[in-house]
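The next block holds one structure in the form of structure tokens; read it before the comments.
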Protein chains: 2
Amino acid sequence: MNSPASGIAAGRATDVAHDRLVADVFARACESRRVLEHVTGRWGSLALAALAEGPFRFNALRRKVDGVSEKMLAQTLQALERDGFVHREAEPTIPPRVEYSLTPTGREVAEKLLELIGLIEARLPEVTAARARYDAVKLSRG
Amino acid sequence: MNSPASGIAAGRATDVAHDRLVADVFARACESRRVLEHVTGRWGSLALAALAEGPFRFNALRRKVDGVSEKMLAQTLQALERDGFVHREAEPTIPPRVEYSLTPTGREVAEKLLELIGLIEARLPEVTAARARYDAVKLSRG
DNA sequence: CTGTATCCTCTCTGATACTG
DNA sequence: CAGTATCAGAGAGGATACAG
């Protein structure tokens, strides 16, 4: 990726911030895109939204996020932890007790996410109506 | 999807008063979840964010959203149009000229999305640092 | 130019079983 | 309880060709 305005490229971009390199999700190679995908992914968004309500243990989170499998939840949480959005606190007891919570950055992101989710839930009637209209037209035209 | 107190919109979900169903993304069967997936999907989020800058024609949008294939862009736009977030204006000329723009509801959603994207781009240095830390620990432990 | 149709690949996903 | 490992299917996604 050599495009001019978006140079926070993969791998070696750890601390190159003092010139005018701007993160740009529209650029295929920009890491912000991958981060966005973690945050907005099928389970990532729900996990962050759930954790916004407070810390959760693994299985509690699994019950909260209806439909997620063990595997996907673990995988999702690992990605979010690696990105620094989620903090994982494991007490070395038997049986193990692991608590997940949001980091400060994670909280910021989760709040934006919550606003988005709230908006979508609020606009659900409009969406349903729009779908009905769309499908009706489609049907009448073939 | 009638679980008791969940739902981001709970507490101010007065707009569905004629029945007491509250939209709840955490519920597997709630349609809001599918809408959220369209909006936050890999290409849906980028398409909406791009259209927030103004109307686009198909190929212009395709160039803006770096990396999207014709197929996926068409598919994504159809889903967003059906949900009532995107308006499609086709002039019946030859060659065809089709312009995509946001509906009022779409604009609301896109704005939230833009805030989220802006935040993520701004926090990218923190994320990169967090990743480096995470990977270092992982490596030192096996 | 703006799509649709087809084929093919590869990742994501979920069940299941197993470990500490 | 909190995961990891493995496997098979479903569906996302891309390349290409073609239509209006």
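Below, chain A is the first sequence line, B the second, and so on; all start at residue 1.
Between A:Ile117 and A:Glu121 there is a side-chain heavy-atom pair separated by less than 4.5 Å. Side chains of A:Glu53 and A:Lys64 form a contact here, defined as non-hydrogen atoms less than 4.5 Å apart.
Following rounding to the nearest Å, B:Glu37 (CD) and D:dA10 (P) show an atom-to-atom distance of 19 Å. Here D:dC1 presents its C1' atom at 14 Å from CG of A:Leu61, a figure rounded to the nearest Å. Going from atom CG of B:Leu77 over to atom P of C:dG3 covers 8 Å, rounded to whole Å. Here D:dA12 presents its C1' atom at 15 Å from CG of B:Leu73, a figure rounded to the nearest Å. Distance CD (A:Glu89) to P (D:dA2): 14 Å, rounded to an integer number of Å. One can place CZ of A:Arg63 at 7 Å from P of D:dC1, the figure rounded to the nearest angstrom.
Among the protein residues, A:Glu91 comes within range of no part of the nucleic acid, since none of its heavy atoms lies under 4.0 Å from any strand. Using a 4.0 Å heavy-atom cutoff across all strands shown, A:Gln78 reaches sugar-phosphate atoms only and no base atom.
Close to D:dC1, at under 4.0 Å from its OP1 or OP2, lies no side-chain N or O of A:Tyr100. Residue A:Arg57 has a polar side-chain atom (N or O) positioned under 4.0 Å from OP1 or OP2 of D:dA2. At C:dG3, one or more side-chain N or O atoms of B:Arg88 fall inside 4.0 Å of OP1 or OP2 (strictly under the cut-off).
Of all heavy-atom pairs between B:Tyr100 and B:Leu51, the closest is O-CD2, 3.4 Å. Heavy-atom minimum distance, A:Ala90 versus A:Val98: CB-CG2, 4.0 Å.
B:Thr76 contributes no side-chain N or O that, together with a main-chain N or O of B:Trp43, makes up a donor-acceptor pair within less than 3.5 Å. The backbone N or O of B:Phe85 lies less than 3.5 Å from no partner atom in the side chain of B:Asp83, so there is not a single donor-acceptor pair. Using modelled atom types, no side-chain atom of B:Arg62 and backbone atom of B:Leu73 make a donor-acceptor pair closer than 3.5 Å.
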note = Whether each nucleotide of nucleotides 13-20 of chain C has a protein heavy atom under 4.0 Å at its base (B), only at its sugar-phosphate (S) or at neither (-) is summarised, 5' to 3', as BBB----B
